[in-house]
Amino acid sequence: MVRLNPLAWLGELVGNYPLRLSGGFAVLGGAVATALSVGPNAGVNELVSFASTQPAYAAAVVCGLAVVVFVDG
């Protein structure tokens with residue numbers, strides 16, 4: 001029976017795809033900052049208003065998703 005070490009698996013995954021990991025962190029950071037800023041009961045209007053006044057968080061999410069999806073590395 002072969003036991004897989006989860007830390008070794010994670011280290012290999014991060015070693016193979018470091019740019020995708022950084023893109024994932026950008027998505028996560030932008031989404032968390034947006035969620036904490038607008039609150040849990042925010043609607044579409046509040047999100048659009050926040051994105052227009054604080055475009056860096058929306059840009060982090062969009063650029064991070066682009067890196068995760070399109071960059072191979």
Subject >> Residue pair A51 / A58: nearest heavy atoms and the distance that separates them >> reply: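 So the two residues come closest at CB-CB, 4.3 Å.
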
Original post:
Looking at A60 and G30, what are the two nearest heavy atoms and their distance?
Top reply: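 Closest pair (atom of A60, atom of G30, distance): CB-CA, 4.5 Å.
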
Determine, using the 4.5 Å side-chain heavy-atom cutoff (strictly less than), whether [X] and [Y] are members of one ILVMFWY cluster.
X: F25; Y: V32; result: no
X: V14; Y: W9; result: yes
X: L36; Y: L28; result: yes

Between the side chain of [X] and the main-chain N/O of [Y], is any donor-acceptor distance below 3.5 Å?
X: S49; Y: N45; answer: no
X: E46; Y: G43; answer: yes
X: R20; Y: V71; answer: yes

Original post:
What's in the same ILVMFWY side-chain cluster as V48, cut-off under 4.5 Å, chained through other members?
Top reply: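 Grouped by the 4.5 Å side-chain rule, V44 form the rest of the cluster around V48.
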
Original post:
How does the hydrophobic cluster around V61 look, that is, which other residues are in it when side-chain heavy atoms under 4.5 Å mark a link?
Top reply: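 V27, L65, listed by chain and number.
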
Original post:
Between CG of N16 and CG of L21, what distance do you get to the nearest 0.5 Å?
Top reply: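 Spacing of CG (N16) from CG (L21) equals 12.0 Å.
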
